[in-house]
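Let me begin by presenting the structure, written as structure tokens, before commenting on it.
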2 protein chains.
Amino acid sequence: MADRIGAGGPSLLFLTDEQLRQGIEAMYFAYRGFTADPDRILEEHGYGRAHHRAIHFIHRSPGTTVNNLLSILGVTKQSLNRVLRTLIDEGLVEARVGTRDKRERNLFLTEAGEKLERALSEVQRERMRAAYREAGPEAVRGFRMVLEAMMDPQMRRHFNRLKDGEE
Amino acid sequence: MADRIGAGGPSLLFLTDEQLRQGIEAMYFAYRGFTADPDRILEEHGYGRAHHRAIHFIHRSPGTTVNNLLSILGVTKQSLNRVLRTLIDEGLVEARVGTRDKRERNLFLTEAGEKLERALSEVQRERMRAAYREAGPEAVRGFRMVLEAMMDPQMRRHFNRLKDGEE
DNA sequence: CTTTTATGTCAGCCTTGTTGACATTCCAAG
DNA sequence: CTTGGAATGTCAACAAGGCTGACATAAAAG
């Protein structure tokens, strides 16, 4: 015990390599749970996580452009285009030619798109709600703080912009 | 303000759909950061996340079997085998025939394997350390609590078994 | 001896990422 | 008005890493 204190003090025990490694594994296993429920629904429809991400952020920012979506998702336009094409062809997403700049496409969910979005976010929120309830409000604040500190600066900007957009 | 209290009380504000959605987005963006640093190193070596996961858990439990790894990673043996084959062929992993049960293969990292593991976990721990330091010990406890509550029961069992194995 | 288990391997498919090349549309600067 | 460049779409090809199904082998278990 004395040597542990000598190694940095009890207040820094949460920074030991062992603690950090447990945090890494917790992050890995938790993310598996985080995606498990939506994955099941997506599979029924023949979609994947890429479709989920597009649907989520279009729902979140109706009328967003392809470029903005590319910046949030961090993939190539070809990848995103393939996903968007499917969603548009199957009537979940509508792409309206931009009013100000006609080169841009403003993306919206159709009624069918909104319906799938609700189904996906419902199960994901339910898992989050159960975890939040079990851990309590104080833990949730800590959870949010650590996650935000873990983001790349550019992702943090996107995160905060989305957050502040609907306060 | 009064209607918010009426909607469930101030202590439950962390369970509003808006709060839950922010938690979902935080999880998504943070996971991107979480994997970004190892991904860069892996790319230099021509490996992917699947190799990282195998290396991590073999390092974590030297002598583990293929079956145990399958159960932790939740992929098919064909998928895992492809990754292990590469790692064995390139001299990062050694597969010794089991002593007790000769059908089993006990997996170990070679010196080269341990070296890559150190490089990968170093950058990942560094990001985790920075986030932990910024958020503080209380936040880290909350972070861990929420993540653990978010896991599927089977993953939580794996997580706790790994955790207790090296206390 | 037969069955089950642990593992490996081959073939083929899917999603989702990548790069490169090229067409179209259209704003904006000259 | 013309032209350059930006935003977008599209086609082709490729790779990683999931998946399923089928089959082989060795060894443990009954």
Side-chain angles (χ1 to χ4, degrees), chain A residues 28 31-32 35-36 38-58 63-90 93-108, chain B residues 28 31-32 35-36 38-58 63-90 93-108:
Chain A
Y28 169 69
Y31 198 79
R32 295 262 301 271
T35 54
D39 280 354
R40 272 188 288 274
I41 294 176
L42 290 160
E43 202 187 2
E44 295 168 15
H45 295 255
Y47 296 132
R49 281 188 203 166
H51 301 87
H52 186 185
R53 293 194 280 267
I55 287 172
H56 175 98
F57 288 110
I58 294 172
T64 186
T65 63
V66 172
N67 246 1
N68 183 45
L69 219 45
L70 284 176
S71 161
I72 289 177
L73 298 176
V75 298
T76 59
K77 62 175 180 171
Q78 292 89 334
S79 266
L80 178 58
N81 187 256
R82 176 169 37 201
V83 168
L84 284 180
R85 186 105 310 277
T86 318
L87 293 174
I88 291 169
D89 288 351
E90 304 191 4
V93 166
E94 188 188 353
R96 300 184 201 147
V97 172
T99 49
R100 208 191 40 192
D101 184 336
K102 292 183 188 169
R103 290 167 303 181
E104 294 183 343
R105 299 289 179 276
N106 294 122
L107 303 168
F108 299 88
Chain B
Y28 169 69
Y31 198 78
R32 294 261 300 272
T35 54
D39 281 354
R40 272 189 287 274
I41 294 176
L42 290 161
E43 201 187 2
E44 294 169 14
H45 295 252
Y47 297 131
R49 282 187 202 167
H51 302 86
H52 187 185
R53 292 194 281 266
I55 288 172
H56 175 98
F57 288 109
I58 294 172
T64 187
T65 63
V66 173
N67 248 358
N68 183 45
L69 218 46
L70 284 177
S71 160
I72 288 177
L73 298 177
V75 297
T76 60
K77 62 173 181 170
Q78 293 91 331
S79 270
L80 177 57
N81 187 257
R82 177 169 38 198
V83 167
L84 283 181
R85 182 87 272 127
T86 317
L87 293 174
I88 291 169
D89 288 350
E90 304 192 3
V93 166
E94 188 189 353
R96 300 184 202 150
V97 172
T99 50
R100 207 191 40 193
D101 185 333
K102 290 183 189 168
R103 289 171 304 179
E104 294 183 343
R105 298 287 179 279
N106 294 122
L107 303 169
F108 300 87

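Values reported hereafter were calculated over all heavy atoms of this structure, with side chains retained and with hydrogens, waters and symmetry mates removed. Below, chain A is the first sequence line, B the second, and so on; all start at residue 1.
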Please report, rounded to the nearest Å, how far the [atom2] atom of [N] is from the [atom1] atom of [X].
X	N	atom1	atom2	result
A:Asn106	D:dT8	CG	P	9 Å
A:Glu43	C:dC14	CD	P	14 Å
B:Asn81	C:dG8	CG	C1'	6 Å
B:Leu70	D:dG18	CG	P	12 Å
B:Leu80	C:dA6	CG	P	15 Å
B:Lys102	D:dT25	NZ	C1'	15 Å
B:Arg96	D:dA26	CZ	C1'	21 Å
A:Arg105	D:dG9	CZ	C1'	8 Å

With a 3.5 Å distance limit and no angle check, can you tell me whether B:Thr35 reaches the backbone of B:Tyr31 through a side-chain donor-acceptor pair?
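Yes; judged by distance alone, with no hydrogens or angles, the pair exists.
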Assign B:Lys77 to base, sugar-phosphate, or nothing according to its heavy-atom contacts below 4.0 angstrom with the strands shown.
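The residue B:Lys77 makes base contact.
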Give one of base, sugar-phosphate or nothing for B:Arg85, where a contact means two heavy atoms less than 4.0 Å apart.
sugar-phosphate
Within the pair [X] and [N], is there a side-chain N or O less than 4.0 Å away from OP1 or OP2?
X	N	result
B:Thr76	D:dG18	no
B:Ser79	D:dG17	no
B:Asn67	C:dT5	no

Quick one, [X] and [Y] - any side-chain contact, counting heavy atoms below 4.5 Å?
X	Y	answer
B:Arg49	B:Arg53	yes
B:His52	A:Tyr28	no
A:Leu107	A:Phe57	no
B:Leu87	B:His51	yes
A:Ile58	A:Leu84	yes
A:Thr65	A:Asn106	yes

Which pair of heavy atoms, one from B:Lys77 and one from B:Leu70, lies closest together, and at what distance?
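Of all heavy-atom pairs spanning B:Lys77 and B:Leu70, the closest is CA-CD2, 3.5 Å.
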Check: B:Arg82 side chain, D:dG18 base, donor-acceptor under 3.5 Å
yes
In residues 45-53 of chain B, which residues come under 4.0 Å of DNA chain D by heavy atom?
B:Gly48, B:Arg49, B:Ala50, B:His51, B:Arg53
Can you figure out which of [options] approaches the side chain of [X] most closely?
X	options	value
B:Arg103	C:dT19, C:dA6, D:dG18	C:dA6
B:Val75	D:dC19, D:dA28, D:dT8	D:dC19
A:Gln78	C:dG20, D:dT20, D:dT8	C:dG20
B:Val66	C:dT7, D:dA27, D:dC19	C:dT7

